[in-house]
Amino acid sequence: MNELLEECTQRGLESFGHEACREACSMALDQIRGARKAGDRMAGVDDAFWTEVSGRLEILPSLKLRGAINATGVVLHTNLGRAPWAAEAIAAAAQAAGASICEIDRETGGRGRRDAPVSELLAKVTGAEAGLPVNNNAATVLLAVSALARGRKVVVARSELVEIGGSYRMPEVIEAAGAVMVGVGTTNRVHAKDYIKALEDPEVACVLRVHPSNYRIEGFTKEVGMKELADICHERGLPLVYDLGSGVLDARDLVGIEKEHPVREALQQGCDIVTFSGDKLLGGPQAGLIVGAKPLVERLRRDMLTRCIRLDKTILAALEATLSIHALGPNAALSRIPTLQRLSLTEEQIMQRATAFATQVNALGDALTAETTTCNGRVGSGASPTEDLPSAGVLIRHATRDAADLAHALRMSEPPIFSRVQDERVLLDLRTVAEEQERVIVQALSKL
Ligand SMILES: *Cc1c(COP(=O)(O)O)cnc(C)c1O
């Protein structure tokens with residue numbers, strides 16, 4: 001590394017700063033190690049290496065969309081890019097970014113299907129007959145309704161007409177898909193007889209069930225069980241489509257999401273198509289994942305819209321890596337997928353980290369005082385919207401700057417750090433902070 005840093009100086013790169021040079025060299029070295037591992041024995045410190053280093057130094061620091069530290073306590077923070085990827089997913093995406101076996105058959109050299117590996121894994125981890133990945137979950141509903149009910153009617157309970165942020169509203173999605181929505185029941189109550197009556201209309205092509213992701217209807221309520229609804233549909237030869245949203249594969253041992261509906265369970269209860277997001281509780285990249293009965297999934301796959309909402313090769317690679325981790329079982333998923341790992345932490349475990357963290361902050365000098373606290377985080381992104389996530393963190397006060405000013409300074413530091421303001425102090429909830437990021441936060445605080 002010292003030799004590389006010396007060469008950085010000779011090449012006039014030291015103006016970018018010593019730490020930045022070290023980091024760029026270290027990342028470029030990782031790339032060489034990866035290439036060697038993959039069989040490229042010629043990979044080394046050559047011209048390409050230095051192009052890589054100077055590229056990183058010049059371009060990456062100037063990017064607006066850049067990595068940040070999430071100390072908000074909201075595990076799946078939509079505005080901070082939802083799920084952080086597993087290390088394997090990041091490596092897989094980087095590897096696929098060049099020429100890659102994306103849509104070619106290795107055996108024959110002929111054309112292949114880009115979604116095939118992910119589709120197979122999706123079926124494997126959910127127990128479905130078939131799977132299909134597309135751009136995001138919003139697109140899966142558009143596709144499912146369009147492919148199954150274009151020019152016909154879709155039955156959906158009035159209690160499920162959700163609006164997800166950013167103008168995604170269920171009645172409008174159905175309309176955009178070219179189908180006519182038939183609302184059944186009332187805001188708080190829907191009965192089996194409501195569905196049965198609506199399904200007498202021969203124009204109805206499917207029933208859509210929507211997970212009330214970001215709200216709860218409580219009090220005098222009634223809904224039809226999933227299995228009962230599936231039976232009602234199947235007796236009439238109609239498919240039941242379920243927009244599940246969050247897509248939990250296995251909720252065991254996870255705080256705050258015990259009430260989420262696992263994908264496998266929804267399929268076992270008789271849903272013919274289940275759709276969910278890749279970047280919510282699955283813990284992967286942004287994607288919309290469709291699983292279900294083979295003939296229906298194939299119908300969706302053949303729809304023209306599928307080509308319009310297909311995934312990029314890097315995202316497919318990251319998804320393949322994420323699903324491969326899930327395929328190893330719940331323990332592997334808990335330890336390697338950051339979203340799940342964060343949800344598996346207990347308040348006591350986080351408090352232990354908070355105590356050590358507060359000591360480090362208090363050692364920085366008199367300007368900052370840090371105090372540990374218990375606090376409440378959230379799962380975020382429409383999972384368990386009404387449930388708090390018991391957590392722990394530190395409250396930080398500055399001698400001369402107010403909390404809003406301190407939070408602003410943290411957002412503007414490198415890398416940007418996002419916190420919450422509580423009781424006139426800055427709250428850093430450590431559940432959503434990776435352990436190796438704590439050092440970076442202390443460093444940022446030391447500069448304030
Ligand atoms: C989050 C969510 C969506 C939107 O999913 P994206 O992956 O963000 O497009 C749609 N439906 C439900 C029920 C959701 O929870």
Side-chain angles (χ1 to χ4, degrees), residues 74-85 89 115 118 122 126 131-146 154 156-177 179 181 206-217 223 226 229 240-249 251 256-257 259-263 265-267 271 273-292 300 305-306 308-312 315-316 318-319 322-323 339 378-387:
V74 180
V75 178
L76 292 168
H77 197 301
T78 298
N79 301 347
L80 293 175
R82 287 199 187 152
W85 295 6
D115 69 282
V118 166
L122 272 172
T126 63
L132 172 67
V134 296
N135 183 63
N136 58 7
N137 191 34
T140 67
V141 182
L142 189 69
L143 171 61
V145 173
S146 175
V154 176
V156 55
R158 293 197 172 90
S159 54
E160 297 173 4
L161 298 176
V162 60
E163 173 178 315
I164 312 283
S167 78
Y168 178 87
R169 308 167 100 190
M170 207 39 82
E172 284 158 35
V173 173
I174 293 170
E175 193 186 331
M181 189 186 89
C206 70
V207 172
L208 176 63
R209 182 114 192 207
V210 186
H211 187 267
S213 293
N214 47 14
Y215 66 101
R216 290 285 177 268
I217 296 176
E223 58 174 30
M226 194 62 84
L229 183 57
L240 173 59
V241 177
Y242 184 22
D243 175 16
L244 183 45
S246 227
V248 157
L249 292 185
I257 60 170
K259 291 185 194 155
E260 290 294 318
H261 200 164
V263 178
E265 202 177 293
L267 290 165
C271 295
I273 292 278
V274 177
T275 74
F276 55 102
S277 298
D279 55 353
K280 293 184 181 172
L281 290 168
L282 190 80
Q286 179 193 301
L289 306 171
I290 299 166
V291 292
L300 268 53
L305 202 51
T306 301
C308 304
I309 53 176
R310 78 172 184 192
L311 285 166
D312 175 63
I315 302 296
L316 283 166
L319 258 181
T322 307
L323 290 166
T339 300
R378 285 279 157 141
V379 178
S381 288
S384 308
T386 53
E387 255 145 280

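Worth saying up front: this structure is predicted, and the values here are computed from it rather than measured. In each ligand, atom 1 is the first atom listed, and ligand 1 is the first ligand listed. We number each residue from 1, following the sequence as shown.
- In terms of the side-chain hydrogen bond (donor to acceptor under 3.5 Å, both in side chains) criterion, Gln286 has no residue partners (sequence neighbours excluded).
- Of the heavy atoms in Lys280, only side-chain atoms (C-beta onward) come closer than 4.0 Å to ligand 1.
- Annotation: ring-ring contact (aromatic ring centres under 6.0 Å, His included) contacts of His261 (sequence neighbours excluded): Tyr242.
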Worksheet item: Can you check side chain to side chain contact (heavy atoms under 4.5 Å, CB included) on Glu260 and His211, steps first, answer last?
Response: CA-CA 10 Å; Glu260 290 294 318; His211 187 267; 3.7 Å; yes
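- Proximity of Arg82 to ligand 1, defined as any heavy-atom pair under 4.0 Å, is confined to the side chain (atoms from C-beta onward).
- Ligand-side atoms of ligand 1 in range of His211: 13 (C), range being under 4.0 angstrom from any heavy atom.
- Of all protein heavy atoms, the one closest to atom 11 (N) of ligand 1 is Asp243 OD2, 2.7 Å.
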Worksheet item: Should Val210 and Leu161 be marked as a side chain to side chain contact (heavy atoms under 4.5 Å, CB included) after you check the CA-CA gap, both sets of side-chain angles, and the distance that decides it?
Response: CA-CA 7 Å; Val210 186; Leu161 298 176; over 6 Å; no
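- Regarding atom 9 (O) of ligand 1, its nearest protein heavy-atom neighbour is Ala138 N, 2.8 Å.
- Ranking the protein heavy atoms by distance from atom 15 (O) of ligand 1 puts Ser213 OG, 2.4 Å first.
- Residues Leu282 and Val263 fail the side-chain proximity criterion, which asks for heavy atoms closer than 4.5 Å.
- Distances below 4.0 Å separate heavy atoms of Tyr168 from the following atoms of ligand 1: 10 (C).
- For the pair Asp279 and ligand 1, the shortest N or O to N or O distance does not fall below 3.5 Å.
- For atom 7 (O) of ligand 1, the nearest protein heavy atom (residue, atom name, distance) is Ser277 OG, 2.7 Å.
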Fill in: Evaluation steps, side chain to side chain contact (heavy atoms under 4.5 Å, CB included), between Val173 and Tyr168
CA-CA 7 Å; Val173 173; Tyr168 178 87; 3.4 Å; yes
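- Atom CZ of Arg169 is surrounded by 12 or fewer heavy atoms from other residues, nucleotides or ligands within 6.0 Å.
- Contacts between Asn137 and ligand 1, counted as non-hydrogen atom pairs separated by less than 4.0 Å, involve both the backbone and the side chain.
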